[in-house]
There are 2 protein chains.
Amino acid sequence: MGSRKTVMRAGTRARRQSILSAALDCFTRFGLASTTVEDICRESGASIGSLYHHFGSKEGVASGVFIDGIQRLNADLVKKLKRRKSAEAGVRLVVTQYCDWVTKHPDLARFLLHSRDIAFPDAARAELKRIHRDYIVEVFSWFAPFVTAGDMKRLPPDTYVPIISGPIQDYTRNWLAGQSQSSPVEVKGIFADAAWAAMRTVR
Amino acid sequence: MGSRKTVMRAGTRARRQSILSAALDCFTRFGLASTTVEDICRESGASIGSLYHHFGSKEGVASGVFIDGIQRLNADLVKKLKRRKSAEAGVRLVVTQYCDWVTKHPDLARFLLHSRDIAFPDAARAELKRIHRDYIVEVFSWFAPFVTAGDMKRLPPDTYVPIISGPIQDYTRNWLAGQSQSSPVEVKGIFADAAWAAMRTVR
DNA sequence: CCTAATCTAGAATGAGATTCTAGTAAAACG
DNA sequence: CGTTTTACTAGAATCTCATTCTAGATTAGG
């Protein structure tokens, strides 16, 4: 994870990365619970000692994959959000961009959506909290002016993300689990409509 | 789970129930991954052999808790839904009743929200599928007339549940994890508004 | 009664996560 | 350059459980 106090050697980044991508591969094929540390070592070419040196535990590896993924997802959204000019365009973007991202990275998305509840190590929990806070600050400061201007409802801060993103995430989880026919891309307009209907002010 | 082919003896129901409630207790205190089968045996007074006789595996116990909980949640909703008379009242009820239920059964709700992704045994998966199908049929047949009458939007079937229930479930998950201040009961009006705004037709 | 099925018990097994010890290689420092 | 410190690799040994197995107890049916 980007925040290492100590120096990181040349080959180290590559080794860490090979472990992370082997892990995602195994999680996708066998499921988190059924992949063994040995599986990840075999796939990545790392030794047990090396894996434990870098990640501390199997769940440490999982949290590495998770943090990596969430950072990419967040970064992609923030970048695009800055090009929008209206509250409606912003709200719709949050929904549609999520659909596009999930379609482009289905394995990673499946892992992110199904691993929310892993008992991550404390260090990882702390870093995730920091990442989430930074993300929320950035997104909220983009939306804030529109709330002030009366384009969007003024609600308790904690309720915006569930209302805007909750439905599409729920749908996507079902879809990735094979329980919905239409791909998120096909229904993204419907969810964008729903999100905007819930957020817009009537004047 | 209500569907046993063979006869069930007198003390058996009590034994199963004691295992289930001990399990929920342990899951709440230690988390699913960290509770051992021995923990559940100690708490419930059952022997290892007895637990395996009744549930087959640790995940079998978890699926028992899950199925029990989801059935109670579903039944409570369906019962109340039948007393409503308008689409708006129905949609609002789905949201507010969920908040009330979660507040009344926080441990069970936490488990239901955080165990969606357990690798349940095949038998349990099948039963859950059946339970969910029955539930969906019942709820949809209640709402169908209002869609036909034009009171609610006509959407792809798979999208109704995420749009109506997704936000409040997401908020509740955060709250149960200690990441939101206001209890669901305090914000249920906001989520009911959002759900109805997303479902209503404008005419 | 008796006998077949359900249920209880807990010791034995085995899979696999984690720890430990020993070493290799790269940087830091003189 | 040595040398010393620190990052890193390796894999055998350990230890924690989930699960299996065998034996016996209890209950229902005939």
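Order of the sequence lines fixes the chain letters, A, B, ..., with proteins taken first and strands second; residue numbering starts at 1 for each chain.
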Once base and sugar-phosphate atoms are separated, protein heavy atoms under 4.0 Å mark nucleotides 10-18 of chain D, 5' to 3', with B, S and - as BB-----SS
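- Taking the salt bridge (Lys or Arg N to Asp or Glu O under 4.0 Å) definition, one finds that B/D76 meets it with nothing, sequence neighbours left out.
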Given B/T36 and B/D39, is the side chain to side chain donor-acceptor pair (under 3.5 Å) satisfied, shown in steps? CA-CA 5 Å; B/T36 69; B/D39 287 335; 3.3 Å; yes
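- Applying the 4.0 Å criterion to OP1 and OP2 of C/dT6, one finds that B/H54 has every side-chain N and O outside that range.
- For B/H53, no side-chain nitrogen or oxygen approaches OP1 or OP2 of C/dT8 to under 4.0 Å.
- With rounding to whole Å, B/L51 atom CG is found 17 Å from D/dC21 atom P.
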Mind listing the N/O atom pairs, protein and nucleotides 24-30 of chain D, below 3.5 Å?
| from | atom 1 | to | atom 2 | distance (Å) |
| --- | --- | --- | --- | --- |
| D/dT26 | O2 | B/R9 | NH1 | 3.3 |

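- Between the CZ atom of A/F55 and the P atom of D/dA7 there is a distance of 16 Å, given to the nearest Å.
- Note that CD of A/Q97 and CD1 of A/I168 are 12.0 Å apart. Values are rounded to the nearest 0.5 Å.
- A salt bridge links B/K188 with B/D100: the distance from a Lys NZ or Arg NE/NH1/NH2 to an Asp or Glu carboxylate oxygen falls below 4.0 Å.
- In terms of modelled atom types and a separation under 3.5 Å, the side chain of B/T35 and the main chain of B/L32 share a donor-acceptor contact.
- With B/F146 as reference, B/D151 is the one residue of B/D151, B/V91, B/T201 to meet the side chain to side chain contact (heavy atoms under 4.5 Å, CB included) rule.
- Here the C1' atom of nucleotide D/dT19 and the CD1 atom of B/I40 are 14 Å apart, to the nearest Å.
- Aromatic ring orientation, A/F140 versus A/Y160: perpendicular (interplanar angle above 60°, classes split at 30° and 60°).
- Ring geometry for B/F120 versus B/F66: interplanar angle of 30 to 60°, hence tilted.
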